[in-house]
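The structure appears right after this line, and notes come after that.
Please read all numbers here as calculations on a predicted model, not as lab measurements. Index from 1, following the sequence.
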Amino acid sequence: MRTETGSVPASSALGAKFHRTRALSEALVRPLSDADATIQSMDDASPAKWHLAHTTWFFETFVLRDHVPGYALFDARWPFLFNSYYEAEGRRHARPRRGMLSRPTLDEIRAWRAHVDAALADALPDLPPAARALVLLGCNHEEQHQELLLTDILHHFSVNPLEPAVWQGAPKVPVAMPGPIGWIAGLEGLVAVGVEPTEPMAIVADGGFAFDCEGPRHHALLTPHAIADRTVTNGEWAAFIADGGYRDPRHWLSDGWAWVQKEGVEAPLYWRRDGDVWTRFGLDGRRPVDPAAPVTHVSFFEADAYAGWAGARLPTEFEWEAAAAAHDPAGGNQLDAAGPVEPHPSAGGPAFFGDVWEWTGSAYRPYPGFRPAAGAVGEYNGKFMSGQFVLRGSSCATPRGHSRASYRNFFYPLQRSPFTGVPLAKHL
């Protein structure tokens, strides 16, 4: 993409991305009532209404408040409610109590979004490059929240005994089970990974966007290895369960085994055995598990245990990146519009993007030379580089075009509400 500054898109292209991003968020919550959008089912999840508000707070705070002279906050009380974790922005409402915010209403949040959208559209042509870089960062931030929004809605609805569907899914068409996993020989030796930053808080490389944690570009040493040409399926996971995978401590890391025992984990999140059939709950309600589809909603602990049971291991994030670099990050089953979201059976051939995020065996830590940006936006990624593991690729809930081979998603090892799946690797 040609740009005016060599780093951020021209205002017309950026404006189109901004409006497209904001419109998708609105479409995703359209089926929800005010009550649906207010509930919070666990501390790790946020209400749908909060996601709409927080992403709006981001644009109002870091772009309009800080870069548009004379802009007045829509409601000076709301930054306290919708700041997430930015210590530089001061005190904020406690995360576990976001579901207590019955006010402002969903309609009031929508009115705020419309106000901020109009103000930013008016200001965009005259914003300096640094402010336009923040708009680009804000769009990618909102795309992340679109996936979180779907992830959290799924969890909110899963704890309702009625198990309501957000969208009605299409009738299931039987598909052939994928064949045995094939193995792709990986690159060996020193390989270049990551991106080269040109801006510290919203890295832009080769005309595209990347987050700061994806750089600096550096070299990683890869030993002889191979990566599976697809992720693990539900059918293969059912075999792991049937073989006592959740009952055998030999497959599990110590912390994982303690978690399985404490929580009584015996299947992926949202699975339930109905008679002799495994079913799963999704945004289209409860349905039989599709054995041909990629398994999802599994933790790092589960992924690591399965890999050991299968005589393999999880790839490192750099093995994954080197293998994925030749593949289209906008390909596969990703989010294009509001509607049913679920992993699809493999269409054949290697697929590194779409359907499920892929756990790696790599800890989420800074690359050599990483420096967070100054100010509040410097808190975006760097402060979370502790105790989490990296996932690569994208999922069926990831807005198409959001990801790339260098993208580093990250979660704690026991989290499994996101659309997470299992790649395999092995030493050669």
Side-chain angles (χ1 to χ4, degrees), residues 1-3 5-9 133 136-137 140 144 183-231 312-332 334 349-354 357-373 378 380-382 384-386 388-395 398 400-410 423-428:
M1 179 188 299
R2 294 180 60 86
T3 66
T5 67
S7 58
V8 293
L136 181 59
L137 174 63
N140 281 270
Q144 289 182 316
W183 295 94
I184 304 168
L187 296 178
E188 299 177 26
L190 286 176
V191 298
V193 293
V195 295
E196 194 60 50
T198 60
E199 300 200 13
M201 45 80 177
I203 300 172
V204 183
D206 299 327
F209 176 87
F211 288 107
D212 57 359
C213 64
E214 297 174 53
R217 191 165 177 81
H218 63 288
H219 286 88
L221 177 63
L222 303 186
T223 57
H225 68 281
I227 290 184
D229 62 357
R230 61 170 175 80
T231 59
R313 61 174 175 84
L314 299 177
T316 70
E317 63 170 317
F318 300 135
E319 290 171 343
W320 190 98
E321 182 175 333
H327 296 267
D328 181 8
Q334 301 186 50
F352 289 87
F353 297 92
W357 286 100
E358 302 186 18
W359 283 109
T360 74
S362 297
Y364 179 55
R365 294 291 293 147
Y367 288 168
F370 171 80
R371 290 184 301 107
Y380 198 97
N381 284 310
F384 299 109
M385 292 175 170
S386 173
Q388 307 197 64
F389 283 82
V390 174
L391 301 98
R392 292 302 193 107
S394 56
S395 82
T398 306
R400 193 178 304 279
H402 178 74
S403 193
R404 54 207 154 263
S406 62
Y407 195 104
R408 304 176 81 199
N409 200 352
F410 51 93
L424 295 176
K426 62 181 180 180
H427 299 292
L428 294 181

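- Heavy atoms only, all atoms of each residue included: Arg217 and Ala192 are closest at NH2-CB, 3.3 Å.
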Exercise for review: Before giving the answer on side-chain contact (heavy atoms from CB on, under 4.5 Å), spell out for Tyr364 and Ser386 the whole-Å C-alpha distance, their side-chain angles and the decisive distance to 0.1 Å.
Suggested key: CA-CA 7 Å; Tyr364 179 55; Ser386 173; over 6 Å; no

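- The salt bridge (Lys or Arg N to Asp or Glu O under 4.0 Å) search around Glu319 returns Arg313, not counting sequence neighbours.
- Closest approach of Leu187 to His225, counting heavy atoms only: O-CE1, 3.1 Å.
- From Leu190, atom CG reaches atom CG of Leu222 across 8.5 Å, with rounding to the nearest 0.5 Å.
- Ring centroid separation for the pair Phe209 and His402 does not come in under the 6.0 Å cut-off.
- Minimum heavy-atom separation, Pro372 to Gly378: CB-O, 3.6 Å.
- Separating the CH2 atom in Trp359 from the CZ atom in Phe410 is a distance of 11.5 Å, to the nearest 0.5 Å.
- Between Trp320 and Phe353, the distance from one ring center to the other falls under 6.0 angstrom.
- Contact record, Arg408 with Ala363: NH2-O, 4.1 Å, taken as the closest heavy-atom pair.
- Electrostatic pairing of Arg392 and Glu317 counts as a salt bridge here, judged by a charged N lying under 4.0 Å from a carboxylate O.
- A distance of 10.0 Å separates OG1 in Thr398 from CD in Gln144, rounded to the nearest 0.5 Å.
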Exercise for review: Verify side-chain contact (heavy atoms from CB on, under 4.5 Å) between Trp183 and Leu424, making sure each step is shown before the conclusion.
Suggested key: CA-CA 9 Å; Trp183 295 94; Leu424 295 176; 3.9 Å; yes

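- Side-chain atoms of His327 never come within 3.5 Å of backbone atoms of Ala325 as a donor-acceptor pair (strictly under, hydrogens ignored).
- The heavy-atom pair separating Leu314 from Pro423 by the smallest distance is CD2-O, 3.4 Å.
- Within the 3.5 Å criterion, the main-chain N or O of Leu221 finds no donor-acceptor partner in the side chain of Glu188.
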Practice item. List the steps, then state whether side-chain contact (heavy atoms from CB on, under 4.5 Å) holds for Leu391 with Glu358. Key: CA-CA 5 Å; Leu391 301 98; Glu358 302 186 18; 6.0 Å; no

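- Separation of atoms CZ (Phe389) and OG (Ser362) is listed at 8.5 Å; rounding is to 0.5 Å.
- Looking only at distances, no side-chain donor or acceptor of Gln388 sits under 3.5 Å from a matching main-chain atom of Met385.
- Ser394 places a side-chain N or O within donor-acceptor distance of the main-chain N or O of Gly354, the cut-off being under 3.5 Å.
- Of the possible donor and acceptor atoms, one in the side chain of Thr360 sits under 3.5 Å from a partner among the backbone N and O of Val390.
- Contact between Asn381 and Asp212 at its shortest, heavy atoms only, is ND2-OD1, 2.8 Å.
- Every residue two or more places apart in sequence or in another chain that forms a side chain to side chain donor-acceptor pair (under 3.5 Å) with Ser406 is listed here: Glu214.
- Between Tyr407 and Phe211, the two ring planes are perpendicular [angle over 60°; tilted spans 30° to 60°].
- Looking only at distances, a side-chain donor or acceptor of Arg400 sits under 3.5 Å from a matching main-chain atom of Gly332.
- Every residue meeting the ring-ring contact (aromatic ring centres under 6.0 Å, His included) condition with Tyr367, not counting sequence neighbours, appears here in chain and number order: His218, Phe318.
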